[in-house]
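Since the model is a prediction, treat every value here as computed from it, not as a measurement. The chain is numbered in sequence order, starting from 1.
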Amino acid sequence: MTYFRRHIDEQLQQWKEAPRRKPLLIRGTRQVGKSTAVREFGKLFRFFVEINLEKQPDLLQLFPANIDVKKTCEKLSGTLGIPIVPGETLLFIDEIQVSKEAIMSLRYFKEDYPELHVIAAGSLLEFTLEELPSFGVGRIRSLYMYPFSFDEFLMAQGLDLTIDYKKKATSEEPLTEKAHKDIVDQLRTFYLVGGMPAAVTEWVETHSFIEVAHTHTDIIQTYEDDFNKYKKRVSPNLLRQVLRSVALQAGNKFVYAQAVRDVHSSVVRDALHLLTLAGLIAPVTHTSGTGVPLGAEENSNYTKYLFFDLGVMLTMLDIPAADILLASDVDLVNKGGTSEVFAGLEMIKYRDCLQKPEMHYWENTAKGSNAEVDYLRVRSGQVLPVEVKANTQGSMQSLWVFMRMRKLHDAIRTSLENFGQFNYDDPKDNFERRHVDIIPLYALSNLE
């Protein structure tokens with residue numbers, strides 16, 4: 001089976017050579033390619049030992065509370081017939097979430113066997129980690145993995161030169177119109193395919209949107225089957241309803257009353273929490289945005305949610321492919337919050353994968369106001385507003401209101417326009433100049 005390169009590959013290689021290496025815990029939702037990436041990485045070692053604690057429960061006895069990790073490795077080597085040699089062997093513990101003791105053992109690999117390369121991963125891992133809040137602070141390194149980014153999607157099709165070209169583009173030297181149009185066409189395709197590895201593989205091999213949609217349906221069914229494993233306090237049916245409501249409310253503040261009728265908001269809140277732990281949604285929380293860190297002024301009463309994958313979301317909502325492929329640029333950007341979801345997911349995927357990302361937006365909560373800025377980021381210690389817009393300047397009033405209130409001079413507009421920039425002399429603020437860089441939606445990796 002063909003392996004498509006991922007951003008995580010470079011991080012894994014850097015970890016391999018690090019002089020003060022810690023055991024690595026790869027975190028991410030089911031089916032994003034964690035195990036596949038580790039197996040590919042394992043080819044760089046002389047020996048590769050993979051154990052799966054869900055499929056091989058008899059091995060759980062090797063991870064007692066009072067573990068001696070060197071003896072455990074001796075027993076694993078003897079049982080599997082593969083040498084475990086520091087510097088030459090990669091030990092991969094998959095589905096580690098089934099054993100709290102196995103997770104806790106990772107800290108002892110750092111303390112007692114630091115010369116051995118050890119990686120762990122698991123499905124629904126966050127549920128177990130929530131019960132182990134101090135499982136290995138300072139002794140274990142987490143690495144977050146997500147579905148394919150748009151750049152990874154292009155790499156899977158052998159379009160590395162296209163990636164290099166758009167990464168070098170600037171407002172002074174935008175892409176040629178042909179290149180811009182070709183990448184926008186790729187972006188439309190990516191909206192429908194999404195970034196789940198199985199869907200990307202299906203597209204590369206068949207170029208069939210029908211087969212891709214079937215793959216999405218299988219993925220949705222797998223996740224819904226998982227709902228029976230979640231906490232007892234929320235029914236699987238309620239989780240399905242809330243997940244679908246997140247898709248329906250994409251791009252808007254989540255309204256509990258629209259999710260499920262006749263269910264108390266606290267129950268819906270529990271469902272949102274569990275879906276977040278599972279990696280199926282990501283919160284974008286309101287902040288006042290007066291300075292950094294943005295999280296210091298969060299107001300969780302105002303929260304939007306990102307569905308974990310745009311392609312799966314469009315299939316769940318039964319959006320016809322023609323609605324994406326044939327829509328005008330303006331309609332595509334404004335269609336049901338899809339581009340806002342895409343932009344948020346892209347900004348998550350390109351951030352430092354060693355840190356759990358936090359996403360924020362701004363909304364004027366004053367009565368009678370509807371001003372809102374889609375995303376707030378931090379650049380060079382300053383708040384940087386990011387607006388998702390159609391391909392004409394249109395109304396930017398919310399952005400000007402926010403920049404005026406916070407005395408900011410720089411912002412980003414991301415759309416289906418080519419690279420560019422413009423200035424705005426604010427008549428409501430002594431004609432103070434505001435500068436906006438235009439970055440195409442397909443080039444959000446340039447922000448990093």
Side-chain angles (χ1 to χ4, degrees), residues 1-18 21 24-46 48 50 90 92 94 117 119-121 141-169 175 179 182-183 185-207 211-212 215-216 219 279 308-312 342 345-355 357 440-448:
M1 183 176 178
T2 303
Y3 177 74
F4 298 123
R5 288 175 294 135
R6 305 296 302 274
H7 296 314
I8 199 175
D9 297 341
E10 184 177 348
Q11 290 288 341
L12 291 174
Q13 292 186 38
Q14 291 177 7
W15 172 81
K16 180 179 185 291
E17 305 300 330
R21 183 177 52 254
L24 199 60
L25 186 62
I26 302 183
R27 301 163 70 168
T29 193
R30 183 188 288 276
Q31 299 188 49
V32 295
K34 301 185 294 296
S35 300
T36 303
V38 176
R39 291 182 192 122
E40 184 69 17
F41 176 56
K43 295 177 181 178
L44 301 179
F45 292 79
R46 185 178 178 187
F48 177 59
E50 176 180 353
L90 173 62
F92 177 37
D94 204 3
H117 292 78
I119 295 179
R141 172 156 290 171
S142 291
L143 190 62
Y144 295 89
M145 191 172 184
Y146 308 98
F148 277 60
S149 67
F150 181 57
D151 281 5
E152 288 174 320
F153 177 69
L154 295 177
M155 283 194 297
Q157 299 174 87
L159 299 175
D160 296 63
L161 293 177
T162 298
I163 298 171
D164 291 340
Y165 182 34
K166 73 183 182 67
K167 283 188 175 180
K168 293 175 182 177
L175 301 181
D182 289 346
I183 302 177
D185 288 342
Q186 284 285 349
L187 183 65
R188 290 173 183 269
T189 298
F190 184 67
Y191 274 34
L192 293 165
V193 176
M196 296 301 286
V200 173
T201 300
E202 190 66 53
W203 173 254
V204 171
E205 293 180 352
T206 69
H207 275 61
E211 292 304 319
V212 166
T215 300
H216 289 158
I219 291 170
F308 73 99
D309 181 77
L310 184 56
V312 175
F342 168 80
L345 293 175
E346 285 286 285
M347 287 189 281
I348 286 175
K349 293 170 185 176
Y350 293 122
R351 289 190 182 181
D352 184 357
C353 60
L354 297 175
Q355 296 180 356
L441 280 161
Y442 58 69
L444 284 168
S445 58
N446 289 26
L447 288 176
E448 307 302 329

Q: Report the residues that fulfil ring-ring contact (aromatic ring centres under 6.0 Å, His included) with F148, sequence neighbours left out, ordered by chain and then residue number.
A: none
Q. Are L143 and L25 close enough that some pair of their side-chain heavy atoms sits under 4.5 Å apart?
A. no
**Q.** For Q14, all residues meeting side-chain contact (heavy atoms from CB on, under 4.5 Å), sequence neighbours excluded
**A.** E10, Q11
Q: Would you indicate whether the side-chain heavy atoms of V204 and F4 approach each other to under 4.5 Å?
A: yes
Q: Any chance you could measure Y144, atom OH, to Q355, atom CD, to the nearest 0.5 Å?
A: 9.5 Å
Q: Please work out which of the three classes, parallel, tilted or perpendicular, describes the rings of F190 and F342, given edges at 30° and 60°.
A: perpendicular
Q | Non-neighbouring partners of F45 that pass ring-ring contact (aromatic ring centres under 6.0 Å, His included), sequence neighbours left out | A | F41, H117
Q: Search all heavy atoms of V212 against all heavy atoms of V193 and return the closest pair with its distance.
A: CG1-CA, 3.9 Å
Q | Point-to-point distance, once rounded to the nearest 0.5 Å, from CZ of F153 to CD of Q186 | A | 5.5 Å
Q: Over all heavy atoms of both residues, which pair between I348 and P357 is shortest? Give the atoms and the distance, please.
A: CG2-CG, 3.7 Å
Q.
If we ignore hydrogens and angles and just use 3.5 Å, is the side chain of R21 paired with the main-chain N or O of K16 as donor and acceptor?
A. yes
Q: With sequence neighbours left out, write down each residue that passes side-chain contact (heavy atoms from CB on, under 4.5 Å) with R39, or none if nothing qualifies.
A: S35, T36, F48, E50, D94
Q: Report yes if some heavy atom in the side chain of I183 is under 4.5 Å from a heavy atom in the side chain of L159; otherwise report no.
A: no
(Q) Among R6, E346, M155, which residue satisfies the side chain to side chain contact (heavy atoms under 4.5 Å, CB included) criterion with S149? (A) E346
Q | Side chain to side chain, T189 and Q157, heavy atoms closer than 4.5 Å | A | no
Q) How about F92 and I26: do any of their side-chain heavy atoms sit closer than 4.5 Å? A) no
Q) By side-chain contact (heavy atoms from CB on, under 4.5 Å), which residues pair with S445, not counting sequence neighbours? A) D151, K166, K167, Y350
Q. Does H216 use its side chain to pair, donor to acceptor, with the backbone of G311 at less than 3.5 Å?
A. yes
Q. Can you find a heavy atom in the side chain of E448 that is under 4.5 Å from one in the side chain of R351?
A. yes
Q | Contact check, side chains of Y442 and T162, non-hydrogen atoms, under 4.5 Å | A | no
Q. Any side-chain heavy atom of L24 sitting closer than 4.5 Å to one from L12?
A. yes
Q. Got a donor-acceptor contact below 3.5 angstrom from the K34 side chain to the G28 backbone?
A. yes
Q. Where do L44 and Q13 come nearest, in terms of heavy atoms and distance?
A. CD1-CG, 3.9 Å
Q | ring-ring contact (aromatic ring centres under 6.0 Å, His included) partners of Y146, counting only residues at least two apart | A | none
